[in-house]
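Residues: numbered from 1 along the sequence shown.
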Amino acid sequence: MRIACLDVEGVLLPEIWINVAQKTGIEALKRTTRDEPDYGKLMGQRIAILRGNRLTIADIRKVISQMDPLPDARNFLDKLRSQMQVLLLSDTFEEFAQPLMEKLGWPSLLCNSLVLDTEGYLTDFVLRQVDGKKRAVEALKGLNIEVYAAGDSYNDLSMIRSADRGAFFQPPASIVEECPEIQVVKDYSGLLDFLTQGLV
């Protein structure tokens, strides 16, 4: 049995934080895990920026409600799910994900959660577990499941390297230069071929 483990933002969905930055005009929110490999540091910066600009979870959800999956992402995911099980592994948050998962046909998702105060401001975040993407892949392999994985950012490296086979999907050039040993896939057709390679 094979399971495909996929990152979400940058693979199936646009980057939520970049969309928030564009809607609010706050350039500093454009930083993602493509730019900052330390996720805790990145989230600390985001929380401080949101508080400083008096943006609550309601403001972020308003942006998310207007977002759609990347072009052809739903079609790709439907084709992939017809051939194998798919598990989305993301550093996004339960509080963000629901409307976007509906637009993707309710795939299985493991992600993190936010801590909010009574006014709806983000005060902290809770990781499902440290290095959760890698741990999920290792757990699946421990069940004697073959795991293929794909992502686009620094926070996907441990998942990709732990999988039986892993690839980058449309990553930034800087990551490709740092990790030349990892295969790069440029479009959904190529990603589908990579993930289903060798299946009968």
Side-chain angles (χ1 to χ4, degrees), residues 6-77 88-107 109-128 132-133 150-157 159 168-179 184 186-188 191:
L6 302 177
D7 179 36
V8 179
E9 293 178 66
V11 176
L12 299 170
L13 300 174
E15 293 283 352
I16 290 172
W17 290 102
I18 289 176
N19 274 265
V20 173
Q22 291 170 340
K23 293 290 185 181
T24 61
I26 302 171
E27 286 294 310
L29 287 176
K30 287 186 176 180
R31 285 181 60 78
T32 71
T33 51
R34 287 174 166 230
D35 311 300
E36 174 55 66
D38 185 331
Y39 188 71
K41 178 180 177 181
L42 180 63
M43 278 304 301
Q45 293 169 346
R46 289 168 169 168
I47 290 169
I49 292 165
L50 292 174
R51 171 66 78 164
N53 287 274
R54 302 190 58 78
L55 294 173
T56 68
I57 187 67
D59 298 307
I60 298 171
R61 284 177 173 156
K62 185 176 179 181
V63 173
I64 292 170
S65 70
Q66 299 169 10
M67 291 173 59
D68 288 310
L70 292 171
D72 209 34
R74 174 67 188 268
N75 184 47
F76 156 76
L77 193 56
L88 304 187
L89 301 177
S90 176
D91 284 330
T92 194
F93 303 97
E94 294 177 90
E95 295 80 1
F96 291 178
Q98 187 169 359
L100 295 171
M101 291 304 102
E102 181 178 9
K103 291 177 181 180
L104 287 172
W106 299 112
L109 169 70
L110 296 180
C111 62
N112 302 314
S113 57
L114 293 169
V115 179
L116 307 170
D117 68 14
T118 56
E119 297 178 278
Y121 287 106
L122 281 64
T123 61
D124 204 353
F125 67 100
V126 179
L127 293 178
R128 184 176 48 78
K133 294 183 181 186
D152 72 315
S153 299
Y154 285 106
N155 64 330
D156 299 313
L157 275 171
M159 171 182 74
F168 283 132
F169 179 74
Q170 298 181 352
S174 58
I175 296 178
V176 176
E177 290 174 11
E178 291 179 39
C179 309
V184 174
K186 297 183 178 180
D187 55 34
Y188 285 130
L191 186 56

Donor-acceptor under 3.5 Å (E9 side chain, T92 main chain) = no

Nearest heavy-atom contact between V176 and P171 is CG2-CG, 3.4 Å

Counterpart residues, side chain to side chain contact (heavy atoms under 4.5 Å, CB included), relative to K23 (two or more places apart) = V63, Q66

Would you please name every residue forming a side chain to side chain contact (heavy atoms under 4.5 Å, CB included) with D124, sequence neighbours left out?
-> V115

Give the intermediate values and the outcome of side chain to side chain contact (heavy atoms under 4.5 Å, CB included) for residues M101 and L13.
-> CA-CA 10 Å; M101 291 304 102; L13 300 174; 4.1 Å; yes

Could you walk me through whether L29 and L50 pass the side chain to side chain contact (heavy atoms under 4.5 Å, CB included) check?
-> CA-CA 9 Å; L29 287 176; L50 292 174; 4.1 Å; yes

Partners passing side-chain hydrogen bond (donor to acceptor under 3.5 Å, both in side chains) against D187 (at least two apart in sequence or in another chain) | none

Would you say the side chain of D156 lies within less than 4.5 Å of the side chain of V11, judging by non-hydrogen atoms?
-> no

Look only at the side chain of S153 and the backbone of N155, and say whether a donor-acceptor pair between them is shorter than 3.5 Å.
-> no

Taking all heavy atoms of F93 and all of C111, pick out the closest pair and write down the distance.
-> C-SG, 3.9 Å

Can you list the residues that meet the salt bridge (charged side-chain N to carboxylate O under 4.0 Å, His left out) rule with R128, with sequence neighbours excluded?
-> none

If we only count heavy atoms from C-beta on, is the P69 to L12 side-chain gap below 4.5 Å?
-> no

So with a 6.0 Å cut-off around CD of E178, is the heavy-atom count from everything else above 12?
-> yes

Which value, rounded to the nearest 0.5 Å, describes the distance between T32 atom OG1 and D152 atom CG?
-> 7.5 Å

Do any pairs count as a side chain to side chain donor-acceptor pair (under 3.5 Å) and have a residue in residues 114-123, sequence neighbours left out, and if so which ones?
-> R51-D117, R54-Y121

Nearest atoms (heavy-atom pairs only) where G10 meets F169 = O-CD2, 3.8 Å

Out of curiosity, D59 CG to T24 OG1, how far, rounded to the nearest 0.5 Å?
-> 9.0 Å

With sequence neighbours excluded, tell me which residues meet salt bridge (charged side-chain N to carboxylate O under 4.0 Å, His left out) with R31.
-> E36

side-chain hydrogen bond (donor to acceptor under 3.5 Å, both in side chains) partners for E27, two or more places apart = K30

Only one of L88, L104, L89 passes side-chain contact (heavy atoms from CB on, under 4.5 Å) with L109; say which it is.
-> L88

Flag side-chain contact, heavy atom, 4.5 Å: R46 against I26 | no

Could you check if a side-chain atom of L100 sits within less than 4.5 angstrom of a side-chain atom of V8, using non-hydrogen atoms only?
-> no

Qualifying ring pair (Phe, Tyr, Trp, His ring centres under 6.0 Å) pairs with a residue from residues 22-68, counting only residues at least two apart or across chains | Y39-F125

Non-hydrogen side-chain atoms of N75 and Y188 separated by less than 4.5 Å = no

Only counting residues at least two apart or in another chain, list the ones meeting side-chain hydrogen bond (donor to acceptor under 3.5 Å, both in side chains) with D7.
-> K133

How far apart are the closest heavy atoms of F96 and L114, and which atoms are they?
-> CE2-CD1, 3.6 Å

Close side-chain approach of L157 to F168, heavy-atom, < 4.5 Å = yes

With sequence neighbours excluded, give me every salt bridge (Lys or Arg N to Asp or Glu O under 4.0 Å) pair touching residues 89-107.
-> D68-K103

Tell me, please, which residues at least two apart from P99 pass side chain to side chain contact (heavy atoms under 4.5 Å, CB included).
-> I64

Taking only residues two or more places apart in sequence or in another chain, which ones pass side-chain hydrogen bond (donor to acceptor under 3.5 Å, both in side chains) with Q170?
-> none

For W17 and I49, what are the C-alpha separation, side-chain angles and deciding distance, and is it a side chain to side chain contact (heavy atoms under 4.5 Å, CB included)?
-> CA-CA 12 Å; W17 290 102; I49 292 165; over 6 Å; no

Exercise: identify the closest heavy-atom pair between N19 and P14 | ND2-CB, 3.6 Å

Rounded to the nearest 0.5 Å, what separation is found between the NZ atom of K62 and the CG atom of L55?
-> 11.5 Å

